Amino acid sequence: MARHGASSGISSHSRRFSTAVNPINISLLSKQLIQLGRINNPDTFPEITHQKELQASSLTSKLDDCTGLHQIKQVHAHVIRQGHDQSCYIITKLIRTLTRLGVPMDPYPRRVMELVQFRNPFLWTAVIRGYAVQGNLSEAVSMYGCMRKEGITPASFTFSALLKACGSVGDLSLGRQFHAQTFRLSGFCSVYVGNTMIDLYVKCGSMECARKVFDEMPERDVISWTELIAAYAKAWDMDSAAELFENLPKKDIVAWTAMVTGFVQNAKPQEALEYFHRMEMSGVLPDEVAVAGFISACAQLGASKYADRAVEIALKSGYSPSGHVVIGSALIDMYSKCGDVEEAVNVFESMNNKNVFSYSSMILGLAMHGRAREALDLFHYMVKQTTIKPNTVTFVGVLTACSHAGLVDQGRQIFASMHQTFGVEPTCDLYTCMVDLLGRAGRLQEALEVIKTMSVEPHGGVWGALLGACRIHKDPDVAEIAAKHLFEIEPDVIGNYILLCNVYASAGDWEGVLSVRKLIKEKGLKKTPAVSWVVDENGQTHKFFPGNMNHPMSDKIQETLEELVQRLTVLGYEPDLRSVPYNASDDEKRSILICHTEKLALAFSLLTTSRDSEIKIMKNLRMCQDCHTFMRLASEVTGRVIIMRDNMRFHHFRNGACSCGDFW
DNA sequence: CTAGGGTTAG
């Protein structure tokens with residue numbers, strides 16, 4: 001029996017095989033071979049067609065497996081050796097592979113295309129798309145011109161590629177021209193082109209136009225819907241997103257995920273979980289992206305019971321953190337935000353593939369928990385021992401670590417090298433880190449100087465960091481400068497006014513305090529009520545509000561606190577009366593301080609948990625100076641580890657010291 | 001060919 005690969009025996013077998021095929025089923029390759037004049041009739045030379053077809057499918061699957069330029073070049077050598085270098089089909093695939101791996105269009109992919117004698121729309125489009133992906137609109141357009149000059153009629157996907165190119169640089173007017181051309185050339189606009197047009201409008205920030213295209217499309221698919229849903233979500237308009245979503249007849253996994261992550265992006269984790277649940281109920285199986293969205297929602301909720309549920313979902317869906325980098329990275333972030341940085345480290349170490357997300361999340365997690373040294377070590381390992389390039393977020397993590405550890409010079413060096421060595425542009429967020437770094441270290445004038453010389457317009461975060469530093473260092477003069485700018489940018493954020501109030505209070509300036517109070521009243525702003533909470537071993541949440549009088553255990557809690565104060569006083573504890581931003585008597589201040597919600601939560605935890613367990617407390621606002629000292633000393637006299645999450649970060653109190661180094 | 005993506009500071 002003749003075998004396919006043997007040149008002598010192939011013809012009889014293949015001929016029989018091939019003539020049984022209906023002529024309309026002639027493969028694309030045979031058609032191209034006919035076009036190219038390589039064969040005149042596939043029935044006459046079926047063995048060539050069949051062999052070529054086998055080679056072609058082997059070559060394309062090899063290209064699919066390519067992960068580097070070197071491999072592609074090897075496959076390319078095969079292509080030439082087997083005489084496929086004139087096949088539009090194979091060369092198109094080759095160029096798409098090069099694009100996928102980010103190889104610049106010039107000179108290699110472009111040259112390969114130019115060597116093909118008879119180019120079809122697929123091949124042209126592959127090159128146009130390549131330029132589009134690489135943000136080179138002018139070359140994409142120039143390729144389109146060449147294509148037309150050769151008399152090749154563009155297909156709808158050609159316009160899709162051109163619109164993508166317009167989107168990459170935000171050239172809306174050119175995009176509109178191409179969009180109009182599709183009508184002129186073919187009398188209609190395919191759903192692909194319509195979708196790309198929606199994408200272009202969204203990228204250029206015109207939701208109204210995007211919606212108009214959508215509304216006027218003669219035919220829509222789930223992609224059109226999902227594009228708009230995601231765009232509304234990113235524009236902070238979840239109501240419109242949800243309305244569209246409910247009207248979407250067939251909801252696929254991508255559409256569901258757009259809703260889940262949309263709620264996450266809008267800081268509505270509870271809704272995100274609800275939609276995920278609805279998705280499961282409707283029988284749609286989650287994929288990796290959907291599960292990552294779920295984990296992210298759990299991270300925002302920041303409680304261990306959600307963390308457990310997230311891990312359960314991930315494993316149930318078949319995504320272990322070790323093999324799935326998106327899941328792993330999301331879990332690192334989640335564990336860090338749930339207060340379990342140790343588990344975050346475990347996940348990180350278990351991962352077989354790590355990328356910039358994994359490293360950045362880990363660095364941020366360590367920084368958030370005051371483990372600056374480890375965060376910096378990990379950063380240095382990343383840039384020296386791996387090929388992963390740090391990005392803006394990585395530097396936010398590294399600088400945050402420096403900031404909390406008071407490593408001013410290191411932070412400065414890293415900030416400088418960031419641009420010089422790694423090509424990362426300093427963004428507003430990164431300037432915020434620098435202002436925070438200098439400000440915390442007490443160098444308020446230098447911080448102010450940084451803001452004045454910034455290359456971008458400062459946003460609220462920058463001034464907020466400076467104001468925060470003024471609170472630590474009790475500097476009302478600089479605080480007034482910061483507040484003036486901050487109140488202009490964020491007139492409705494109550495926390496900013498409270499911060500300024502605290503600065504005045506700590507400096508004993510009661511007139512200042514009153515003036516801010518007046519301002520708050522005028523603006524009609526309301527103070528965010530403080531709340532602390534702990535989760536018991538049954539997953540039950542216990543909330544504590546200032547004063548605590550309604551709590552069933554309030555007598556016991558009060559008793560415990562009084563006793564604790566006595567033991568702390570022996571260690572030199574003195575209530576920090578300047579932490580109370582009211583002009584009250586010292587006794588009143590003392591009784592206000594002892595009723596701060598985190599102290600109540602601590603007393604409750606001491607009463608209800610076993611001696612060897614960690615105490616975990618969450619708070620919605622920033623911890624005051626007095627509570628910080630209180631927790632520090634309490635960890636010493638009780639021998640307990642207290643993990644406290646305020647609205648900014650985690651404090652680990654152990655043996656009378658805090659992981660933040662009293663630097664917060 | 002066109003859709004969802006995990007990490008961001010005060």
Side-chain angles (χ1 to χ4, degrees), chain A residues 96 121-122 125-126 128-129 132 155-161 163-164 167 190-200 202 221-231 233-234 252-262 264-265 287-296 299 321 324-334 336-337 355-365 367-368 391-397 399-400 403 427-437 439-440 459-469 471 482 486 490 493 495-496 499 622 647-649:
Chain A
R96 284 184 191 158
F122 291 94
T125 305
I128 294 172
R129 196 168 166 275
S156 68
F157 48 82
T158 312
F159 286 107
S160 181
L163 290 176
K164 195 189 179 83
S190 77
V191 66
Y192 307 123
V193 174
N195 288 347
T196 323
M197 198 60 208
I198 292 178
D199 185 56
L200 177 61
V202 168
D221 59 13
V222 64
I223 296 178
S224 334
W225 290 82
T226 309
E227 273 183 336
L228 264 196
I229 290 169
K234 289 199 175 83
D252 69 0
I253 179 66
V254 182
W256 279 107
T257 310
M259 288 306 288
V260 172
T261 54
V264 171
Q265 286 155 4
D287 65 1
E288 200 180 347
V289 181
V291 173
F294 183 87
I295 297 173
S296 189
H324 297 83
V325 67
V326 180
I327 300 291
S329 306
L331 285 175
I332 292 170
D333 174 57
M334 183 193 74
S336 304
K337 286 182 181 152
N355 63 13
V356 67
F357 285 90
S358 335
Y359 274 91
S360 304
S361 299
M362 193 68 256
I363 290 169
L364 277 159
M368 201 191 305
N391 63 18
T392 307
V393 183
T394 320
F395 283 104
V396 168
L399 291 174
T400 306
S403 173
T427 61
C428 241
D429 294 338
L430 286 163
Y431 279 111
T432 302
C433 294
M434 277 316 277
V435 169
D436 190 55
L437 173 73
R440 269 176 212 283
H459 61 199
V462 177
W463 292 113
L466 185 62
L467 186 55
R471 184 197 64 104
L486 190 52
E490 297 175 352
V493 179
N496 296 338
L499 213 46
R622 196 197 287 257
N647 62 336
M648 308 302 300
R649 72 176 57 74

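Since we're looking at a predicted model, the values are computed, not measured. First the proteins, then the strands, lettered A, B, ... as listed; each starts at 1.
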What's [X] touching, base or sugar-phosphate or nothing? Going by heavy atoms closer than 4.0 Å.
| X | value |
| --- | --- |
| A:Thr392 | nothing |
| A:Ala161 | nothing |
| A:Ile253 | base |
| A:Glu490 | base |
| A:Arg471 | nothing |
| A:Val325 | base |
| A:Arg649 | sugar-phosphate |
| A:Gly365 | nothing |
| A:Ile229 | nothing |

Please check this pair: side chain of [X] against backbone of [Y], looking for a donor-acceptor N/O pair closer than 3.5 Å.
| X | Y | value |
| --- | --- | --- |
| A:Asp333 | A:Ser336 | no |
| A:Asn355 | A:Ser358 | yes |
| A:Thr158 | A:Ala155 | yes |

| said: In the structure I gave you, are the side-chain heavy atoms of A:Phe159 and A:Tyr192 within less than 4.5 Å of one another anywhere? | reply: no
| task | Provide the start and end nucleotides, 5' to 3', of the part of DNA chain B that has atoms under 4.0 Å from heavy atoms of chain A. | result |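 So the contact region on DNA chain B extends B:dC1 to B:dG10.
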| Where A:Ala161 and A:Ala132 come nearest, the two heavy atoms and their spacing | O-CB, 3.6 Å
| field | Counterpart residues, salt bridge (charged side-chain N to carboxylate O under 4.0 Å, His left out), relative to A:Arg129 (two or more places apart) | value | none
